[in-house]
Amino acid sequence: MKREELYNHLYKQVVSLKKEKQPALFAIDGIDCSGKTTLREDLAGHFTVKGKRVVEVSLDSFHQPREKRIAQGSLSPQGYYEDSFDYDYLIKELLHPLSELKETQGLPIAKFDWKSNQQTPQEAIFDPDTFVFIDGVFLMRPEISDFWTYSIFLEIDFETCLKRAIKRDTEVFGSEDIVKEKYLKRYIPGQKIYLS
């Protein structure tokens with residue numbers, strides 16, 4: 001299936017499932033470096049061209065502060081899965097309000113930037129006709145999976161994940177060796193916890 005055919009297929013699926021007078025939430029899940037953000041941006045553009053009101057959200061904007069993220073150890077897979085994101089805030093301030101939205105309302109689409117380790121609050125305007133595209137890891141975990149109108153999981157193997165991580169994250173982390181250590185000891189084992 002060609003990319004444009006895939007986007008048209010997903011468009012029809014999501015539109016058919018959207019409830020009247022309620023936003024549709026499209027979750028794009030997958031392990032690290034699987035292409036979630038690229039797909040979110042492409043699909044959001046596809047829906048916008050078709051005249052739909054779209055808001056994009058990245059789970060990366062709902063990280064916990066660094067001290068919470070590494071409380072179980074900076075290379076802990078369990079810590080990656082359990083402590084990376086502020087799910088309580090995400091549910092209370094965004095997902096639950098969206099599930100009950102009846103009129104135009106401003107809601108948070110960002111809370112915290114993990115790179116600067118600082119609060120970065122940002123809001124967007126939502127209404128009942130909005131299509132919300134959210135990308136991130138662990139989006140099908142039990143406490144949030146029921147909020148999605150439609151969800152997909154992008155599948156790549158861990159070898160491809162590591163190759164892409166080295167290309168993408170070496171500058172962020174400072175060296176290829178640090179990237180390998182973080183992915184082999186924390187991120188990939190943390191994804192295996194999630195997948196199990």
Side-chain angles (χ1 to χ4, degrees), residues 1-64 68 81-114 119-156 191 194-195:
M1 181 181 287
K2 293 181 180 177
R3 188 171 296 234
E4 193 66 21
E5 291 174 342
L6 173 63
Y7 292 170
N8 282 326
H9 171 75
L10 292 171
Y11 175 84
K12 290 174 185 175
Q13 290 282 309
V14 177
V15 169
S16 71
L17 291 170
K18 184 186 180 302
K19 295 177 182 175
E20 192 175 348
K21 306 288 186 185
Q22 186 177 331
L25 277 68
F26 190 123
I28 302 171
D29 193 2
I31 70 169
D32 304 89
C33 303
S34 58
K36 301 178 294 297
T37 301
T38 299
L39 182 60
R40 182 200 81 208
E41 292 169 350
D42 287 353
L43 280 173
H46 189 82
F47 275 62
T48 301
V49 166
K50 290 185 176 290
K52 300 301 182 186
R53 174 167 170 69
V54 168
V55 174
E56 296 181 63
V57 180
S58 171
L59 184 66
D60 280 347
S61 298
F62 291 89
H63 267 93
Q64 295 279 22
K68 282 195 172 186
Y81 178 63
E82 294 176 354
D83 304 328
S84 289
F85 303 100
D86 192 343
Y87 295 106
D88 291 340
Y89 180 89
L90 180 70
I91 292 167
K92 181 182 176 185
E93 302 297 333
L94 180 62
L95 299 182
H96 190 264
L98 282 174
S99 72
E100 297 184 338
L101 191 72
K102 302 297 181 192
E103 58 188 25
T104 301
Q105 184 177 348
L107 295 170
I109 59 168
K111 180 193 179 204
F112 196 88
D113 176 56
W114 68 271
Q119 299 282 343
T120 54
Q122 184 181 350
E123 280 197 353
I125 302 300
F126 297 84
D127 64 42
D129 292 323
T130 304
F131 287 79
V132 185
F133 291 85
I134 302 180
D135 77 285
V137 295
F138 311 148
L139 288 183
M140 295 184 205
R141 52 189 297 151
E143 60 266 49
I144 57 174
S145 62
D146 288 343
F147 285 103
W148 314 130
T149 305
Y150 195 94
S151 57
I152 63 174
F153 185 89
L154 298 179
E155 187 174 348
I156 62 170
Q191 289 289 351
Y194 171 57
L195 294 173

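- With a 4.5 Å cut-off on side-chain heavy atoms, L59 and F85 count as touching.
- A 4.5 Å side-chain heavy-atom check between P97 and F126 finds every atom pair outside the cut-off.
- Ring geometry for F26 versus F47: interplanar angle over 60°, hence perpendicular rather than tilted (30 to 60°).
- One finds the NZ atom of K111 at 10.0 Å from the OG1 atom of T120 (value rounded to the nearest 0.5 Å).
- Closest approach of V55 to A124, counting heavy atoms only: CG1-CB, 3.9 Å.
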>> Working note: V14 + L43, criterion side-chain contact (heavy atoms from CB on, under 4.5 Å); need CA distance, chi angles, decisive distance, verdict.
In response: CA-CA 11 Å; V14 177; L43 280 173; over 6 Å; no
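- Here the NZ-CG distance, from K92 to L90, works out to 13.0 Å after rounding to the nearest 0.5 Å.
- Classified by interplanar angle (parallel below 30°, tilted 30° to 60°, perpendicular above 60°), the ring pair H46/Y11 is perpendicular.
- In summary, the side chains of D32 and Q191 do present a donor paired with an acceptor at a separation below 3.5 Å, with no hydrogens or angles considered.
- Minimum heavy-atom separation, S34 to K36: OG-CG, 3.4 Å.
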Show me the side-chain donor-acceptor pairs of residues 130-148 shorter than 3.5 Å, one per line, residues at least two apart or across chains.
residue	atom	partner	partner atom	Å
T130	OG1	R53	NE	3.4
T130	OG1	D127	N	2.9
T130	OG1	D127	O	2.9
T130	OG1	D127	OD1	3.2
D135	OD1	R40	NH1	2.5
D135	OD2	T37	OG1	2.9
R141	NE	E143	OE1	3.4
R141	NE	E143	OE2	2.9
R141	NH1	Y81	O	2.7
R141	NH1	Y87	OH	3.4
R141	NH2	E143	OE2	3.1
W148	NE1	L139	O	2.7

>> With side-chain contact (heavy atoms from CB on, under 4.5 Å) as the criterion, how do D42 and R3 come out once you've worked through the C-alpha distance, each side chain's angles and the decisive distance to 0.1 Å?
In response: CA-CA 10 Å; D42 287 353; R3 188 171 296 234; 3.4 Å; yes
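- Between T104 atom OG1 and D129 atom CG the span is 9.0 Å, to the nearest 0.5 Å.
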>> Evaluate K68 against D83 for side-chain contact (heavy atoms from CB on, under 4.5 Å), listing each step before the verdict.
In response: CA-CA 6 Å; K68 282 195 172 186; D83 304 328; 5.6 Å; no
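- Under a cut-off of 6.0 angstrom, the local environment of CD in E103 is sparse, with at most 12 non-hydrogen atoms contributed by other residues, nucleotides or ligands.
- Of all non-hydrogen atoms in T149 and P23, the two that sit nearest each other are OG1-O, 4.2 Å.
- From H96, atom NE2 reaches atom CG of L94 across 12.0 Å, with rounding to the nearest 0.5 Å.
- A distance of 4.5 Å separates CD1 in I152 from CG in L39, rounded to the nearest 0.5 Å.
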> Where do E56 and I109 land on the side-chain contact (heavy atoms from CB on, under 4.5 Å) test, with the steps shown first?
Replying inline: CA-CA 8 Å; E56 296 181 63; I109 59 168; over 6 Å; no
